[in-house]
Amino acid sequence: MSETTTITETTGACHCGAVRFRVRLSDGLNTARRCNCSYCRMRGAVAVSAPLHGLTITQGADALRLYTFNTGAAKHYFCRHCGIYTHHQRRSNPDEYGVNVACLDGLSPFDFAHVAVMNGQTHPRDGGGGIAGWLHYRAASDPLAPVPNTSG
């Protein structure tokens with residue numbers, strides 16, 4: 001993962017390819033995180049940061065749909081065809097997008113051994129925030145990976 005943290009600009013798309021974009025990341029993949037608010041908890045995506053002027057939709061802007069809830073400040077965009085979340089304008093920093101890592105070409109959320117989970121249940125704009133915990137991933141092929149007990 002260390003060489004991919006230096007990514008500054010890349011391309012991406014939704015699952016069906018109707019929506020395509022180019023993005024310039026704020027700090028490579030070093031901003032990777034998840035959130036535990038009610039919406040993000042269900043969505044389950046790992047997002048990285050980009051300034052608003054750093055994301056350009058290159059194809060399929062008409063296929064993007066917008067979802068907002070609660071305060072309406074965060075703007076979550078997804079493809080109307082395949083339903084995949086591509087990016088959102090953050091409530092915590094409205095000058096920034098969170099971009100779905102799974103949509104970035106050549107990347108996967110499983111490329112990250114550790115991902116911070118931000119406390120969106122008590123949002124920073126409401127006096128909370130910070131890191132609520134960590135998600136960890138280790139491939140089953142890793143010799144140190146725990147072996148699940150499958151004997152019922």
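Keep in mind the model is a prediction, meaning the values are calculated, not measured.
Taking 4.5 Å as the limit, some side-chain heavy atom of V117 sits within range of a side-chain heavy atom of L135. Side-chain atoms of F21 and V99, non-hydrogen and from C-beta on, do get closer than 4.5 Å to each other. Counting heavy atoms from C-beta outward, H76 and R43 have side chains that approach closer than 4.5 Å.
Ring centers of F78 and Y85: at least 6.0 Å apart, outside the cut-off. For Y39 and F69, the distance between ring centers is under 6.0 angstrom.
Using modelled atom types and a 3.5 Å distance limit, the side chains of T86 and N100 yield no donor-acceptor pair. Side chain to side chain, T10 and R24 fail the donor-acceptor criterion of an N or O pair below 3.5 Å.
The hydrophobic cluster containing L66 also contains V19, counting ILVMFWY residues as joined when their side-chain heavy atoms lie under 4.5 angstrom apart, directly or transitively. Note on L52: it clusters hydrophobically with V23, by side-chain heavy-atom contacts below 4.5 Å among ILVMFWY residues.
Residues satisfying the side chain to side chain contact (heavy atoms under 4.5 Å, CB included) criterion with C35, sequence neighbours excluded, are C37, C40. By the ring-ring contact (aromatic ring centres under 6.0 Å, His included) test, Y77 is found to be paired with H87, residues two or more places apart in sequence or in another chain being considered.
Judged purely by atom type and a 3.5 angstrom limit, N93 has no side-chain atom pairing as donor or acceptor with the backbone of R90. Distance alone, capped at 3.5 Å, places no donor-acceptor pair between the R33 side chain and the N30 backbone. Remark: the backbone N or O of A13 is not paired with any side-chain donor or acceptor of Q59 at under 3.5 angstrom. A donor-acceptor contact shorter than 3.5 Å is absent between the side chain of R80 and the backbone of L64. Within the 3.5 Å criterion, the main-chain N or O of R22 finds no donor-acceptor partner in the side chain of T58.
Using bins of under 30°, 30° to 60° and over 60° for the plane-to-plane angle, the ring pair H136/H114 lands in the perpendicular bin.
Distance NE2/H15 to SG/C103: 10.0 Å, rounded to 0.5 Å. Taken to the nearest 0.5 Å, the OG1 atom of T31 stands 7.0 Å off from the CD atom of E96. Here T68 contributes atom OG1 and Q89 contributes atom CD; the two are 11.5 Å apart, rounded to the nearest 0.5 Å.
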| request: For side chain to side chain contact (heavy atoms under 4.5 Å, CB included), just list the numbers for L104 and I7, CA-CA rounded to whole Å, side-chain angles, deciding distance to a tenth of an Å, and then say yes or no. | output: CA-CA 11 Å; L104 299 179; I7 291 173; over 6 Å; no

